[in-house]
Every structure is written in C-alpha cells, then in structure tokens.
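For reference, the structure discussed in these notes is given below.
So that the names make sense, note that chain A is the first sequence line, chain B the second, and so on, each numbered from 1.
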Amino acid sequence: MLRMSTLFLRTLRDDPADAEVASHRLLVRAGYIRRAAPGGFTWLPLGWLVYRKVEEIIRAEMNRAGFQEVHFPALLPREPYEATGRWTDYGDNLFRLRDRRDNDMLLAPTHEEMFTLLVKDLFSSYRDLPLSIYQIQTKYRDEARPRAGLLRGREFSMKDSYSFDVDDAGLEQSYERHRSAYIATFDRLALPYVIVSAVSGAMGGSASEEFLAPLPAGEDTFVRCTGCGYAANVEAVEVAAADAQSIEGRPDAIVADTPDTPTIATLVELLNSTDALSRASLGWDDRPWTAADTLKNVLVTLRFPDGRTEALAVGIPGDRELDLRRLEAQLAPAVPAPFSDEDFERHPSLVKGYIGPGVLGSSNSSQIRYLVDPRVVDGSAWVTGADQAGRHVIGLLAGRDFLPDGTVEAAEITNDDLCGRCGGALRLDRGIEIGHIFQLGRKYSEALGLTVAGPDGEPVTVTMGSYGIGVSRAVAAIAETHHDEHGLCWPAAVAPADVHLMIAGKEGGPQRAIAEDLASQLEQAGISVLFDDRADVSVGVKFADAELIGIPTIAVVGRGAAQNPGMIEVKDRRSGERRDIPLTEAIASLRPADR
RNA sequence: CGGGAUGUAGCGCAGCCUGGUUAGCGCACCUGCUUUGGGAGCAGGGGGUCGAGAGUUCGAAUCUCUCCAUCCCGACCA
C-alpha cells in the first residue's frame, strides 16, 4: 500500500516551464519523473512503478513468444563496432569514452554486435537455430537535441531482440513472430499504433516496419492510404509513378528565352503569358502550364562515413520541394547537404537557376550522377533549365532527350500525393515510434564472422533480425495518449495502483478508521491501493492530486461512509462517472475488470 | 550545427530598459490556531553563489564581453 502521507512525492501546481508536450508536463507535475541531466530523467516511486509494469508486460510477451532474456553491459569496447563500421557510421551520436589505459570505449546505442558475437561464441550448428534472444537495457545516444522529456532522451531504456536463422525463410518466420509479439504487447499497453513501412537507416538491412503511435507530439511523419490501407513512414513512401508514354511523333523540344524567371512560379507565369510559348501553340494541348510541368534539378553534396564526398543531382517536379530527410533515407549511410557556392565553382558547367539534364548524368559533361523522381517516366515531357542563363528548354522528353542514372524518392510528400499501390488518396500524420522491427540480413554476421555448420557440414552465414521497443518512450507515449486537462489517466495495466482511495471527512470523524480498514481489505484481496491518508490537506487538494496522478479508479470515503449502511463514492478517472456503492460491496466493485 | 528565446528560492514569475539600503511576489515548505466534499483562513517563520567567469563603476541581479545551460523552430535522429 502506498500512503500519500509518507510517499516520496511532491505534486506541482504549475506546469514546469521547460516542458512542452503533455507527457513531459504531466509526468513531472504529477511527481513521476524529474529531470536529472540533459536528456536524462530520474524515476520517482510512482514513475518507477509504471515503468516496471510496462517493462514487465513487454518481458512477458517476449517470453510468451519463446524468446529468452539475456543482459549485456552498456559499456563496451570499440573493436566490435569497429569491425562493423558503426564506430564511424554512428558519428557524433555515439557516446565515446576512454578508460585509464586509453582504450576507446562506448556506451552502447544498440547491441547488434554483442549479440552476434555472443551467438558466435556459443553456437556452431544449424541445429541450434532458430534462436531469438533479447534484453532490456539502458541505451545511450548523444542526441544533438534531446527533447520532449522521455520521448527523446540521451539515456533511455529499450528492449532489443535479435533473431538468428540459417536462411531467408527462417528469418521471415522469426520476423513474423516478433511482429505478432509486438501487436500483443502494444495492445496490452493500451497503445494505439499504426504499422508502417520504414527505412532501416544506419542499422542496415532490408525489410523494416515501424510501430507508430499516432500522436501530434510524435517526431515521425507517416502516410496512410485511405483506399488500400498502405502505411509508410514518409521517408519510405513510394509515390505513384505515371505510366510510361510513347515518344513516337512527339514535338521536338525547343529552347526558349525566359528572362527574369529565377523561380518556378515566375517561369510558369511567363510561359502562360507568352502566346508563342503556350501549350496550344507548341502543339501540346489546351491547358495552361503548371508548376508540375517543370522539372527542377537540385544539387547536393553527399558525404560518406569515410569522409569521401560526391556531387549528386536530383530532378523533381517543379511543384515539389526536395525533402532532404527522404533523400538521406534513400542514400544512407551517405548524408546529403545542399550545394555550396564553392561546390558550384567546382562545376562550371552548372548554370545556377538553369541547370538541366543537358549537362547532368554520369555520361554528360558534368559527370554528376543524376537521379530523378519516379514521376519522370519515359515519354514524360518537361520544362527545365537549358544550362544557359535566362533560357529554358520546353518539351524535353525523358527517355528521348535525356536519360537519368536512376530514380529516387526524394520529393516532399503532400496530401495531394497518391498511393503507389492503389492510387488512393494519402493522408499525412505524425506519430511516435514505439517499436521498430527489421530484417537485418547478414550485415553483422558477415562482418563478425557468424557462421554455423549446415546439414552438409559446410559453414552457412547466419541471417539476423533486430527488433526494438523503447520502454521509457512507451511510458511517455502512454501518458501522451491517456490524459486530459486535469492530469493523467493510466490504463489499468500500467497504473501505479488499482485504486486511489481518499479520506474526505473531518478529522476525528469515523471516515479515517473506515478508510484504513477498507484499504487493508483491498490490499488483502490483491487490489493495490494508493491511499490518500493525509490529515493536513483539504479535500480539494486530494481530489486535484487524484486526478493529476491518474489512477483509473478513485474511491472516496466521505459523508456516506458514516451512514447505515455505509456508502463510498467511486469515480472512474477517465469518464468522470461517479456512483455510490455500499461499503460491503467495495471489494467486488473495485476489483479491476481484467481480474 | 544555424535561427530565436530564456536563465532570479523546490515550482511559476516580477525586478534589469533608467546601476544605489537588507532582492520581491504567488505556490510549495516549517510553527501555532481555526478549517475539512473540489487546489482553505489568520498569524509567525526558514530557504537565494540573481547560470558561471572576467570587465566597467565609489557601487552590478541591472551595463559590457566570454563561456555554460535550458526551451522552441530548423538541421540531425533504430
């Protein structure tokens, strides 16, 4: 039993000034967590109870799926991460330190290497597989900008699992088992989620899905198709490509003077206001030019983890912006940055503002690799730069007049985009990444030499999957999902107690003894109680604290308790619905529904 | 890393522009009395390196410079 009179807790009447999102604000105000360091939080007694319940649900579902728990150090040597390249690839986000002998160490951001080496250490036969093992561990990432309390910290807790299989079919099965376990876990945590296709980023690997809790406080943007249910992280969205068109009998491209058209908008305006350049007079059709008819070519510099750089040109429809995040996701681990003035000086064939496919591409004068949006299909016609100041080329046909080096999904996604699968409308939303599952493949097993003997005695390289759930982040996501203007509203499965019992009578009256008795009986019946037994605060404070703390059921021992028969008031925190019940039925009524 | 804002008691803030006794207010905390069904009242009290350092000045929370930290937007981010 938790007694408010002695609980290590102080609730705050005001919101902390540095907290923006609801989960951060309320968890601090209600006395669950305190900031201890930039991106680091202390769990107070109530918070730790919730944390442990969340952790226990995750653990139970992992165990139920047949995965086994292990535990690694968070402090690790450099070598394994050097072997896989992640000592470099992780960049500034890795917490690095030196021991007294000057050895490089790190605080692990995730543990692929160690799991791989552990399995290599112990197992050597295909008959030992499949295997899935997991841990719940503190992870460290030197985030450039920790924010939103528990949602993005530099120290956080994560459940990470790894699967080991001899072949792709086995990996597929392990992946599906994790996917099912995650669905069961998030259902029990009362966390709403959308499963979206994702990119695997710095982790490497192929198939990858994220579980996103759809909340405005989330940092991830994702799309859902209103038609077929396709859902994807915006970084991984595949937009609908147009059908290729015939190039037979299409008018030749012409080069036109287009003075004073530094932007797409001014270019389109000029085209539409110059009779000789209208689509009709060029033999196309009757409609006016739009920004979507133009092709803009954006130059970026790619920086690879080893420090090497390379220029890249990206062609996207003129009505779109380049989304650097999407581009980066496609090109990982290379990081794109906008072209600088010095970069332009190094490539004299590029005429700023009038760059066109005439010079782009590996086989053209600039020798810059040229990737285009999937909408730039063979036979599509474009207005684009003529590689001369003040001139554009009109009606340039992809596949006839220029050949890109490939396609890339790098245009900003908007609500106007259509689903790449069914052509339906896409809807953009924000979400918190609460889980990520992906098929790593053999990246780590190859780098670290994890093989097992196959049935024929020959070594087989093991294929792996990696599966994460942010435990501390899940606590925040639950708080973010379940609260109102008065405070938190925990789902029963993770609440710090089943019942918030309070005394609401004059000191010296019979209520205290009745409440004490009821609290003991509830505990004996296996119903956990947070007992507001404080004698020195007014009932208003008790009600306000109860709503802030957010235990699902609030039971009040007040005026009615002294009557015959004695009554208590029971209030549902979430709905606000109250009812009076006889004391004799208290235990039956207060038992949580799922027990 | 770029832009913006902020840093004064546990929390929320005023004071700074225009330098001047002992740095203020609300909440929280402590003591006493009263009060007790929706963030009580009265009286008394404790708690401050005014983010840090340097400078200007007879005198700095206040002016100048440097640094640090936090928050927001962007960049970045399983």
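- Under the side chain to side chain contact (heavy atoms under 4.5 Å, CB included) criterion, A:V539 pairs with A:A504, A:F543, not counting sequence neighbours.
- With hydrogens and angles left out, the side-chain atoms of A:S23 and A:Y32 include no donor and acceptor closer than 3.5 Å.
- With salt bridges taken as basic N to acidic carboxylate O contacts below 4.0 Å, none links A:E112 and A:K443.
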- Item | Nucleotide-resolved protein contact map, nucleotides 29-43 of chain B, B/S/- at heavy-atom distance under 4.0 Å | S------BBBBS---
- Query: Using a cut-off of 4.0 Å between protein heavy atoms and nucleotide atoms, how would you tag nucleotides 67-74 of chain B 5' to 3' with B, S and -?
  - Reply: --SSSSBB
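- Both tests pass for A:R96 against the ring of A:W87: distance under 6.0 Å to the centre and angle within 45° of the axis.
- Every residue meeting the ring pair (Phe, Tyr, Trp, His ring centres under 6.0 Å) condition with A:Y51, not counting sequence neighbours, appears here in chain and number order: A:W43, A:W48.
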- Kindly determine whether A:H482 and A:R574 satisfy side-chain hydrogen bond (donor to acceptor under 3.5 Å, both in side chains), including the steps that lead there. CA-CA 9 Å; A:H482 302 285; A:R574 188 177 301 268; 3.0 Å; yes
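- As rounded to the nearest Å, B:rG2 and B:rG48 have P atoms that lie 38 Å from one another.
- By the salt bridge (charged side-chain N to carboxylate O under 4.0 Å, His left out) test, A:D142 pairs with A:R154, sequence neighbours left out.
- Under the side chain to side chain donor-acceptor pair (under 3.5 Å) criterion, the residue pairs touching residues 545-558 of chain A are A:T11-A:D545, A:R534-A:D545, A:E547-A:K571, with sequence neighbours excluded.
- At the heavy-atom level, A:Y467 lies nowhere under 4.0 Å from the strands shown.
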